There are 2 protein chains.
Amino acid sequence: MNEILNLSIGCENCPIQHRAVCARCDAGELEQLEAIKYYRSFEAGQTVIWSGDRMEFVGSVVSGIASLTQTMEDGRTQMVGLLLPSDFVGRPGRESASYDVVATTDLVMCCFRRKPFEKMISETPHVAQRLLEMTLDELDAAREWMLVLGRKTAREKIASLLSIIGRRDASLKLEGISGKMVFDLPLTREAMADYLGLTLETVSRQMSALKRDGVIELEGKRHVTVPSFQRLLDEAGDDSDGGLMA
Amino acid sequence: MNEILNLSIGCENCPIQHRAVCARCDAGELEQLEAIKYYRSFEAGQTVIWSGDRMEFVGSVVSGIASLTQTMEDGRTQMVGLLLPSDFVGRPGRESASYDVVATTDLVMCCFRRKPFEKMISETPHVAQRLLEMTLDELDAAREWMLVLGRKTAREKIASLLSIIGRRDASLKLEGISGKMVFDLPLTREAMADYLGLTLETVSRQMSALKRDGVIELEGKRHVTVPSFQRLLDEAGDDSDGGLMA
DNA sequence: CGACGTGTTGAACATTGTCAAGACTAGTGG
DNA sequence: CCACTAGTCTTGACAATGTTCAACACGTCG
């Protein structure tokens, strides 16, 4: 059920306030944004926007996970972005969507009507500057992913994905990323395959292999325990140190 | 020979003026930029910046082609960006480079000292807005490339690369992209392989195959004739219409 | 001429994809 | 409560695609 929520949650209580596109805004700017914003929620599996559709809004993921995917005529699909809470959806200055946006889990979005938002971009530097920062971060992530897609083996691809999800999960829970790590996979095997440029069978096989080799432990299909994060990083082929945070 | 050029070419005669990061600037802003800019030239094969090095400047490609590459410990490398005239190099707000930047052909860059440039970003909205636009375009290009890397066959990858180079070349020469098309490849087989996530042998084989099948004609190794651009797009597996320009 | 950088081609091999069967889980209706 | 179904996941056998290793061709520069 796709629902436009009437309750207008105030920006001051917003859980993504400090990381979203509005992070730099002062009180007056937030007020302007409040005037053009509304919330929408989507169920897991629902499509938020179809590629090619006219975009009526841009916005931020408040909770849940969405994916950006591209599909070829014959059905081959590639996920080109994983949108987590605080990530921005949509492109100011563009009429129609370039990718399918699909809710991977239940999802809540904070939407801004596109036209007034574009006006704000051109008038208030705080929004444009924050959006620039976020876009540069996404570009880095996309390029990182190009290395994964172009040069890593299936096993390394899986380990890379697990380390990304684990790292993000730890930062949400404000945990360190040393030693043991436990999290739930928010993706089906098929979604993992679409992200990694593999088939779901290969994903399944490599998950089994990593389990067999003690790199991960599985309870059910989705609950993952990583005994040693460093070991996982080694399997991913990433530069060794892993940028350990204190 | 890496040379800092003394002759300060004025911005008013700049060939990339209308597309570069300074495209939106008014006279006063251009004057500010002139004060912090200098030109550097690089020979084909030279490294412009090493990944991890401190960035003293950001800047624009004026002429020639540069590539952004990422390398794993064991030597596997992936090109994550192809920088053409007017493209921007560097990331404001970051101390050190994330990728190797290599001159693929002889190269001239218009460099801005980083600190003053960052100051301009935060003070003059025209630069920040243009940079946002350009970054969004690059993000789209990177995502497009993720589909190529993740889901296309070797033959489709080659055809995709050729169509991108051909399209860009046509737009430089202000030609249409219908029918016949002739251009020189600015990349070695190895560079093509690094871009496409293939080995150079596979690139060579698929080039031969496309030639044998009449999709392209080759004079020498680098001079390419495409008898039918539509045919090439079909081989690339891209959405059919190809966005034909009038 | 010989050496080097670049590119092509062949044969054997490895990794991943394809197709197919079956396991596990949760939900539905008798 | 159980059987049935649908969705997700696992596993096996085999095929296909791309890689590796090796030999050789071509052109340029000393």
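Remember, it's a predicted structure, so these values are computed and weren't measured experimentally. The chains referred to below are lettered A, B, ... by the order of the sequence lines, with proteins before strands, and numbering in each begins at 1.
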Validation: residues 200-220 of chain B side-chain donor-acceptor distances under 3.5 Å, sequence neighbours left out:
{"residue": "Thr202(B)", "atom": "OG1", "partner": "Thr199(B)", "partner atom": "OG1", "Å": "3.0"}
{"residue": "Ser208(B)", "atom": "OG", "partner": "Ser204(B)", "partner atom": "O", "Å": "3.1"}
{"residue": "Asp213(B)", "atom": "OD2", "partner": "Arg155(B)", "partner atom": "NH2", "Å": "2.2"}

Quick one: does any side-chain atom of [X] pair with a main-chain N or O of [Y] as donor and acceptor, under 3.5 Å?
| X | Y | value |
| --- | --- | --- |
| Ser51(A) | Ser98(A) | yes |
| Gln46(B) | Val102(B) | no |
| Thr188(B) | Ala191(B) | yes |
| Asp106(B) | Ala44(B) | yes |
| Arg76(A) | Arg151(B) | yes |
| Lys152(B) | Ala236(B) | yes |
| Trp145(A) | Tyr195(A) | yes |
| Gln230(B) | Gly179(B) | no |

Set out, line by line, the N/O atom pairs under 3.5 Å between protein and nucleotides 22-25 of chain C.
none

Without decimals, in angstroms, what is the distance between [X] [atom1] and [N] [atom2]?
| X | N | atom1 | atom2 | result |
| --- | --- | --- | --- | --- |
| Arg76(B) | dT15(C) | CZ | C1' | 13 Å |
| Glu190(B) | dG5(C) | CD | C1' | 11 Å |
| Met207(B) | dT6(C) | CE | P | 16 Å |

Looking for any heavy atom pair under 4.0 Å, which part of the strands does Ser204(A) touch: base, sugar-phosphate only, or nothing?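 The answer is base, as Ser204(A) lies within the cut-off (heavy atoms under 4.0 Å) of a base atom.
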For a quick check of understanding: with a heavy-atom distance under 4.0 Å over all strands, which category does Thr188(A) fall into, base, sugar-phosphate or nothing?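 Thr188(A): backbone/sugar contact only, no base atoms under 4.0 Å.
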Hey, can you pull the residues of residues 192-201 of chain A with a non-hydrogen atom under 4.0 angstrom from DNA chain C?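 Within residues 192-201 of chain A, the residues near DNA chain C are Gly197(A), Leu198(A), Thr199(A), Glu201(A).
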Let's see if you get this right: which residues in residues 146-164 of chain A place a heavy atom under 4.0 Å from DNA chain C?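 Within residues 146-164 of chain A, the residues near DNA chain C are Thr153(A), Ala154(A).
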Shoot me the first and last contacting nucleotide of DNA chain D against chain A, ordered 5' to 3', at under 4.0 angstrom to non-hydrogen atoms.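 Span of nucleotides near chain A: dC9(D) to dA13(D).
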Is there side-chain contact between Leu136(A) and Leu139(B), with heavy atoms separated by less than 4.5 Å?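 They are not in contact (no side-chain heavy atoms under 4.5 Å apart), so the answer is no.
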Start with the C-alpha distance between Met134(B) and Val21(B), add both sets of side-chain angles, then the distance that settles side chain to side chain contact (heavy atoms under 4.5 Å, CB included), and finish with yes or no. CA-CA 8 Å; Met134(B) 294 176 70; Val21(B) 70; 4.1 Å; yes
For Ser171(B), check side chain to side chain contact (heavy atoms under 4.5 Å, CB included) against everything at least two apart and list the hits.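 With neighbours one apart ignored, the set is empty.
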Below the 4.0 Å mark, does dG7(C) have OP1 or OP2 next to a side-chain nitrogen or oxygen of Arg222(B)?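 For Arg222(B), the contact criterion (side-chain N or O under 4.0 Å from OP1 or OP2 of dG7(C)) is met.
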Lys/Arg-Asp/Glu bridge criterion (N-O < 4.0 Å) met for Arg167(B), Glu175(B):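 Judged by the 4.0 Å cut-off on N to carboxylate O distance, Arg167(B) and Glu175(B) do not form a salt bridge.
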